[in-house]
Amino acid sequence: MNVIVADDSMLTRKIVMKYLEPLGFSPFPAANGGEVIEMLNTGKVMPDLILMDWNMPVLDGYQVLQLLKKDDRYRGIPVIMLTSESDEANRAKALAAGARGYINKPFTANDLTTAIQAYLK
Ligand SMILES: [Mg+2]
């Protein structure tokens with residue numbers, strides 16, 4: 001399963017990728033929202049899942065989510081938001097915009113696995 005890991009923190013990308021690899025996922029890193037759109041539009045990767053930070057430069061995670069949900073090609077890709085924005089308003093906003101789920105930072109490998117399994121059911 002291909003997973004785009006979008007976060008402007010290199011450390012977070014590395015940690016998430018380290019968590020995903022032993023689970024058999026193939027992670028593809030993106031450093032900002034613009035890179036996510038570029039990866040999709042160039043066909044570099046067709047992901048089965050996108051794990052996406054909220055706060056990123058170029059396009060933030062919420063903006064990318066909105067673009068994906070407006071696009072017939074990408075609407076079906078499940079998106080799980082990874083973010084330190086823990087308030088209910090943003091959680092509700094992401095879910096209303098079509099996010100499959102929401103994981104608050106900081107998270108453990110176990111939190112990530114549990115959430116992915118739950119949200120992909
Ligand atoms: Mg960020």
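Whatever order the structure lists ligands and atoms in, that order sets their numbers, starting from 1. Residue numbers count from 1 along this sequence.
Among the backbone and side-chain atoms of Ser84, no N/O/S atom is found under 2.8 Å from the Mg ion (ligand 1).
Side-chain contact annotation: Asn110 with Thr113, donor-acceptor N/O pair under 3.5 Å absent. With hydrogens and angles left out, the side-chain atoms of Tyr74 and Asn41 include a donor and acceptor closer than 3.5 Å.
For Asp8, the N, O or S atom with the smallest separation from the Mg ion (ligand 1) is OD1. Closest approach between the Mg ion (ligand 1) and any N/O/S atom of Asp53 involves OD2.
Figure legend: Lys44 and Phe28 shown without cation-pi pairing, the cationic atom not lying both under 6.0 angstrom from the six-membered ring centre and within 45 degrees of its axis.
Shown are Ile77, Leu67, Val64; of these, the side-chain contact (heavy atoms from CB on, under 4.5 Å) with Leu40 is made only by Ile77.
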